[in-house]
Structure formats: C-alpha cells, structure tokens
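The chains referred to below are lettered A, B, ... by the order of the sequence lines, with proteins before strands, and numbering in each begins at 1. What you see is a predicted model; the values in this text were computed from it and never measured.
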There are 2 protein chains.
Amino acid sequence: MKTDTVFKRAFNDALAFLAKVEDGSMLPSENELAVRLEVSRTTVRKVIASLGAAGVITGSGRERKVTASRGTIQPFPHAETVPMAAQVEERFMEWMLRDNARPGMALNELELARQFGVATTGIREFLNRFQRFGLIEKRPNAGWAFKGFTPSFAQELFEIREMFELRSARALAALPETSPCWGQLEDLRREHLKLLDEIDERYHDFSDLDSRFHRLISSAAPNRFIDSFYDIITVIFHYHYQWNKQDERQRNEVAIREHLAYIDALFGRDVEIVERACRAHLASARETLLRSTSGQS
Amino acid sequence: MKTDTVFKRAFNDALAFLAKVEDGSMLPSENELAVRLEVSRTTVRKVIASLGAAGVITGSGRERKVTASRGTIQPFPHAETVPMAAQVEERFMEWMLRDNARPGMALNELELARQFGVATTGIREFLNRFQRFGLIEKRPNAGWAFKGFTPSFAQELFEIREMFELRSARALAALPETSPCWGQLEDLRREHLKLLDEIDERYHDFSDLDSRFHRLISSAAPNRFIDSFYDIITVIFHYHYQWNKQDERQRNEVAIREHLAYIDALFGRDVEIVERACRAHLASARETLLRSTSGQS
DNA sequence: GTCAGACTTTTAATCCATAAAAAACAGTTT
DNA sequence: AAACTGTTTTTTATGGATTAAAAGTCTGAC
C-alpha cells in the first residue's frame with residue numbers, strides 16, 4: 001500500500017506554519033496552502049480535516065479559523081514523514097559507508113528487503129537507480145555485486161569531476177560581465193567569508209555551501225550529463241559528511257579558503273590561474289574522500 | 001509470473017548446437033551444456049527434459065544420445081526468447097525515435113503498461129534505469145516528463161563524448177609499445193579495411209565495428225563512469241542505426257575513412273594530429289545524430 | 001463570472017504472491 | 001575421488017491488488 005508520508009510531512013509543515021500566525025486568524029485558502037506545502041489540494045484537504053479533528057481549526061468552508069490550541073498538538077515523528085524510497089537510500093548508504101561492506105560481496109534483494117523492512121520491489125527500484133553510482137553491478141537473474149567504496153572508485157570519480165569542473169570553470173570565466181552568474185558568485189563569496197568568520201560554531205554548514213558553489217560553476221554552461229554527475233557527487237558527499245566527522249572543522253576551513261582562492265581566480269578571468277585553483281581544491285577534496293574509502297584497490 | 005524466456009532461448013540454442021553434432025552421438029554433461037548455453041544447470045535439465053519429450057534425445061542419466069529427428073523440430077519463435085525488460089526497452093525506444101514523441105509530453109506508467117502489454121512494475125523499472133539517458137525526468141508522485149530527443153540532447157551528449165574520447169585517445173597514444181592495445185588496434189584497422197573493401201554488401205556491419213573501436217579507445221585508461229556513458233551512446237546509436245537508414249551506406253563509408261585516419265594518427269603518437277582526427281570524426285557523427293532529432297531545441 | 005469548496009476519476013507508490021532460474025546440497029557411478 | 005545426475009532451497013522476475021496522492025470536474029457563493 002502507498003504510504004501516507006506526503007500527508008504526514010504536509011501536516012507537520014502546516015503545524016509549523018500555523019505556529020507563526022496569530023490566534024483566531026483566518027486559514028488561507030486551500031489553493032494557497034497547497035502551494036505553500038507543496039502538495040496537491042487533495043492532500044491539503046486531508047490535512048485541514050485532521051487539523052479540524054484535532055481542534056486546531058474551527059469552522060468550515062470559508063469560515064475556518066486557527067485556535068489557540070495549536071501549540072499543544074504533537075507532530076508526526078520525523079521517521080513517518082520520509083518516503084520509503086528515501087529510507088532505503090539512507091539505510092543502504094549507511095550499510096555501505098559505515099558497516100563493513102566488503103568489495104565483491106553479493107547483494108541479495110530478499111535479504112536487504114528483510115533487513116530494511118520493505119518489500120523487494122522497493123529494493124529493486126533503489127538498486128536500479130543506484131547502479132549509475134558505479135558502486136554495484138547487476139548480474140541478470142542472479143542478483144547484484146557490490147563493487148566496493150574503494151580508492152579506485154574515488155579516483156575515477158575525481159577524474160571525471162576534474163574534467164567537468166575545469167570545463168565549467170573555463171566557461172564561467174569566459175562569461176560576459178552582464179551575466180547574472182557574477183552576482184551570484186559575489187553573494188557566495190560573501191557567504192564564504194561569513195562562514196569563515198563563524199567557523200567554530202557553523203563549520204557543518206559548509207557541506208551545503210560547497211554543493212551550491214559547485215553547482216553555480218556548472219550552471220555557467222548547462223549540460224544534463226554533467227548535472228546528473230553532480231547529483232552523484234552530492235549524494236556521496238552528503239552521506240560521507242554525515243558519517244565521517246573526523247577533522248571536520250579543520251577540513252572545512254581549508255576548503256573554504258580554497259574556494260575563496262578559486263572565486264578570486266574566476267573574477268580575475270585568467271584561465272591559467274583558474275585552472276590551478278580548481279585543481280588544487282579538487283585535489284584536496286579527493287584526498288579527503290580517499291581517506292574514507294575501504295583501503296582495497 | 002516470471003517468464004521462461006531464458007529456457008526458450010536456451011532450448012533454441014541447444015537445438016542449434018545439436019544440429020552440428022553427429023547422429024547418435026552422446027550428449028555432453030549437464031555442466032558442460034550449462035557453460036555452453038550460459039544458463040544454470042537447472043535450466044539445462046529443463047531443456048534436456050523438453051528435448052527428451054520431443055524425441056530429440058533418448059535415454060536418461062549418463063546414457064543420453066542425440067537422435068536423427070532433431071532437424072524436424074521447431075524452435076520457439078524469437079519473440080518468446082526475449083525477456084520482458086528488453087522488450088520494454090525496444091518498444092520504448094521505438095515509441096521515442098519513430099513515433100511522434102513530443103518534447104514536454106507526460107509519460108504515464110499505467111498507459112505505457114497497457115500499451116506495451118506488461119505490468120506497471122516493468123515500466124517503472126525501465127523508466128528508473130532509463131533516467132540516466134537524460135531523456136526523461138521524474139516528477140515525484142506525478143509521473144514522468146519526456147524531455148525530447150532534441151538537438152540540445154545531441155549537443156550535450158556529444159560535448160561529453162568529445163571530452164571523454166579526447167582524454168582516452170591521448171591516454172592510448174601515450175601507451176607503451178608493449179601494450180596489447182596496439183595489437184588490437186591493428187586488428188581493428190584491418191577489419192576496417194576489409195569492410196571498406198566490401199562496403200556495398202556489408203555496410204550495416206559498421207555499427208558493431210564502430211562500437212568496438214570506441215570501446216577499445218576508452219579501454220586505454222578504464223573509468224567506470226566513462227564506460228557507463230559509452231553504454232548510453234551504444235544504445236542510442238543502436239536504435240538510431242536500426243531505424244534511420246537514410247544514406248546509411250554513404251554515411252558509413254565516410255565514417256570508416258575517418259576511423260582509419262584516426263587510427264593512423266594514433267599509431268603516429270602525435271597528440272595534435274590525434275586530436276584533430278578525433279574531433280573531425282565526432283563532428284560528423286554529431287551531424288548525423290542531429291539530423292535525426294526532433295527539430296525542437 | 002470567478003474562485004473556493006466538494007466530489008470523482010486517474011495515477012503512482014507499495015506490498016504481496018507465484019513461477020522460473022539459480023544455487024546449494026546429496027547421493028551415484030565410473 | 002572426481003565428475004555426474006537427482007533433489008531441495010533460495011532468490012529473482014513479473015503480474016496484480018490496494019491505498020495515497022494528484023488531477024480533473026462540478027457547484028454554489030460572492
């Protein structure tokens with residue numbers, strides 16, 4: 001059966017939204033709420049009905065008002081708001097990056113399904129999508145082989161990343177003054193400086209900034225294959241950052257400085273210098289990832 | 001229910017194999033047949049049982065012999081030997097490349113399932129795998145959008161292809177004399193010359209040669225992401241060649257000559273010349289593909 | 001006549017069941 | 001004991017059912 005995670009997340013979001021409005025104020029229209037909660041009107045109505053049953057909203061039709069009781073009601077637990085597919089991804093990445101997932105190991109749909117508490121269909125779907133990460137391989141009629149989160153994976157990943165990033169950086173440097181990219185780059189530069197200033201408290205905010213920075217660079221000359229490769233990088237780094245906290249503050253500070261040098265190089269428009277800054281940054285990112293691979297080749 | 005396409009293909013292959021042995025000769029062991037037919041022993045036994053029931057094989061256990069009647073029995077029709085997943089791929093590619101599949105169009109799992117005569121699961125699985133081709137996009141809870149086989153698709157595809165191919169060609173040119181690649185390249189060169197000689201009769205054999213040539217080049221410095229990108233190219237070109245027969249002979253002859261120039265450049269080890277030959281070939285391949293795109297950007 | 005609200009139809013997400021194929025296990029024969 | 005064949009257990013491929021969510025349609029108030 002389809003899970004109602006969409007509804008539950010929307011319910012929680014609605015609760016959070018209502019917390020910010022005044023007691024007794026009118027509820028926005030259904031269409032307005034649908035846009036705000038990013039769900040269909042159908043789901044909004046279900047949320048409103050639940051909220052009504054919980055006493056958070058009174059009245060009906062156009063006469064719905066928010067009551068004072070909204071603070072007392074419990075949102076759904078976070079776990080119930082994440083769709084099955086996302087849960088499978090998370091659990092699989094955890095299994096791969098944290099548990100001892102040995103290269104060459106056979107993956108078994110049935111066992112993974114049992115382990116993750118979902119139907120085999122969900123596992124299959126995940127594995128099929130995950131194939132493009134280059135970490136598993138299908139053997140028709142006989143399951144999947146785990147190739148391992150190995151140094152050679154990191155090496156191959158970064159070889160491509162460097163090709164793509166150099167190409168995009170060159171394209172960005174060649175963009176006319178009038179391009180909106182320069183404004184965005186300046187904004188990002190400021191964000192970097194701000195983060196550097198508050199590095200001790202906010203160093204884990206770097207992950208997000210990093211991803212936005214590299215995506216801005218590749219947006220200079222859009223290409224769907226490059227974008228899709230960046231999705232892979234983003235996911236790998238997301239989980240990598242989540243579980244490898246070693247030296248995090250130190251690493252991030254270094255990376256911010258590398259980014260700033262890289263940004264300055266871009267503003268300088270000198271291709272040689274841009275390439276050097278780009279390579280330097282990617283080399284240290286590669287080292288970081290390499291250190292967390294499983295040691296096998 | 002799982003289809004028995006594996007069995008049927010194995011049955012047909014077994015029939016073809018038996019046609020080549022003498023009347024009354026002993027049947028090879030089950031294990032030997034399993035290796036030859038590329039299936040498990042379980043399936044081999046099923047094939048043997050069927051063959052026995054059809055009177056093609058007599059005796060049992062270790063005393064199985066091939067009878068003279070084997071020529072009279074009908075193999076399964078080809079269509080029944082192709083697994084559902086492959087059929088879905090074929091039908092989808094046909095729909096996309098031959099029928100008027102308009103960019104921006106919404107894809108509907110249920111409708112495709114009905115149209116292709118398979119369960120929705122099969123469609124979902126295909127779409128999930130096909131996503132990496134960059135031609136469709138998922139909108140969660142709301143189906144898929146077809147982005148279109150457009151000029152910009154061809155352009156973006158070839159931008160990446162050129163980056164990858166140049167990189168691999170440089171790596172190949174830098175390989176030591178002792179590398180086995182040079183021998184394989186020489187073999188391919190001869191095959192090209194032979195095909196050029198018989199171009200009028202055999203021009204459609206080029207598709208396969210093309211794919212092998214480019215795969216050899218990328219094997220000079222293996223990278224899983226590049227290999228996986230070549231899979232995309234191979235599939236796109238496979239279907240493209242299958243349905244776009246316009247000027248095929250002429251196009252292929254030109255491509256063979258380009259390949260030969262490219263191969264000579266590689267043997268010459270001069271990076272400049274290699275790059276020029278590579279670019280020239282890819283440019284004309286791109287033109288070919290561009291001509292068959294749907295005209296929209 | 002427009003727009004919010006109520007109701008209806010269609011489609012996607014998910015689980016489950018079952019046959020086919022693979023893999024593992026267990027005897028046999030030379 | 002190696003190399004088979006026979007038997008049982010697991011696992012994958014595929015269809016189908018069911019519920020949530022989205023999309024579409026109608027209705028009535030302002």
Quick one: label [X] by what it contacts on the DNA or RNA (base, sugar-phosphate, nothing), any heavy atom closer than 4.0 Å.
X        : value
Ser60(A) : nothing
Ser29(B) : sugar-phosphate
Asn31(A) : sugar-phosphate
Gly61(A) : sugar-phosphate

In whole angstroms, how far is the [atom2] atom of [N] from the [atom1] atom of [X]?
X         : N       : atom1 : atom2 : answer
Leu33(A)  : dA4(C)  : CG    : C1'   : 12 Å
Asn108(B) : dT9(C)  : CG    : C1'   : 13 Å
Glu111(A) : dT10(D) : CD    : P     : 12 Å
Lys138(B) : dA21(D) : NZ    : C1'   : 13 Å
Glu109(B) : dA23(D) : CD    : P     : 14 Å
Arg139(A) : dT12(D) : CZ    : P     : 9 Å
Lys2(B)   : dA20(C) : NZ    : P     : 10 Å
Phe11(B)  : dA21(C) : CZ    : P     : 13 Å

Query raised in the report: With distance as the sole criterion, do the side chain of Thr120(B) and the base of dA12(C) form a donor-acceptor contact below 3.5 Å?
Result: no
Query - Under 3.5 Å donor-acceptor pair, Thr121(A) side-chain atoms to dC16(C) base atoms - result: yes
From the options [options], select the nucleotide whose nearest atom is closest to the side chain of [X].
X         : options                   : result
Arg114(B) : dA13(C), dA21(C), dT11(C) : dT11(C)
Leu110(B) : dA19(C), dC15(C), dA12(C) : dA12(C)
Phe7(B)   : dA21(D), dT14(D), dA21(C) : dA21(C)
Ala142(B) : dA22(D), dT5(D), dT14(D)  : dA22(D)
Thr42(A)  : dA20(C), dA23(D), dA13(C) : dA23(D)

Whether [Y] and [X] form a salt bridge (side-chain N of Lys/Arg under 4.0 Å from carboxylate O of Asp/Glu) is what I want to check.
X         : Y         : answer
Arg129(B) : Glu125(A) : no
Asp4(B)   : Arg9(B)   : no
Asp13(A)  : Arg36(A)  : no

Query raised in the report: Phosphate oxygens OP1/OP2 of dA22(D): is one of them under 4.0 Å from a side-chain N or O of Ser40(A)?
Result: yes
Query raised in the report: Does Asn141(B) make a side-chain N or O approach to OP1 or OP2 of dA21(D) shorter than 4.0 Å?
Result: no
Query raised in the report: Just wondering, more than 12 heavy atoms not from Gln115(A) lying within 6.0 Å of its CD?
Result: yes
Requested in this report: Determine whether more than 12 heavy atoms belonging to other residues, nucleotides or ligands lie under 6.0 Å from atom NZ of Lys65(A).
Outcome: no
Query raised in the report: When you measure from every atom of DNA chain C, which of residues 43-57 of chain B have a heavy atom less than 4.0 Å away?
Result: Thr43(B), Lys46(B)
Requested in this report: Find out whether Glu80(A) and Thr5(A) are in side-chain contact, i.e. whether some heavy atom of one side chain is under 4.5 Å from a heavy atom of the other.
Outcome: no
Query - Side-chain heavy-atom pair Lys147(A), Pro103(A) within 4.5 angstrom cut-off - result: no
**Report entry** Near-ring test Phe130(B)/Trp144(B), centroid separation under 6.0 angstrom
**Finding:** no
Query - No-hydrogen, no-angle side-chain donor-acceptor test under 3.5 Å, Glu89(B) and Tyr239(B) - result: yes
**Report entry** Residues Ser29(A) and Arg62(A): side-chain donor-acceptor under 3.5 angstrom
**Finding:** no
Report task. Measure the acute angle between the ring planes of Phe92(B) and Phe126(B), then classify it against the limits of 30° and 60° as parallel, tilted or perpendicular. Result -> tilted
Query raised in the report: Between Glu30(B) and Pro140(A), which is nearer to the 5' end of DNA chain D once each is assigned its nearest nucleotide?
Result: Glu30(B)
Tabulate atom names and distances for all N/O pairs under 3.5 angstrom spanning the protein and nucleotides 25-30 of chain C.
unit_1, atom_1, unit_2, atom_2, d
dT28(C), O2, Arg62(B), NH2, 3.3

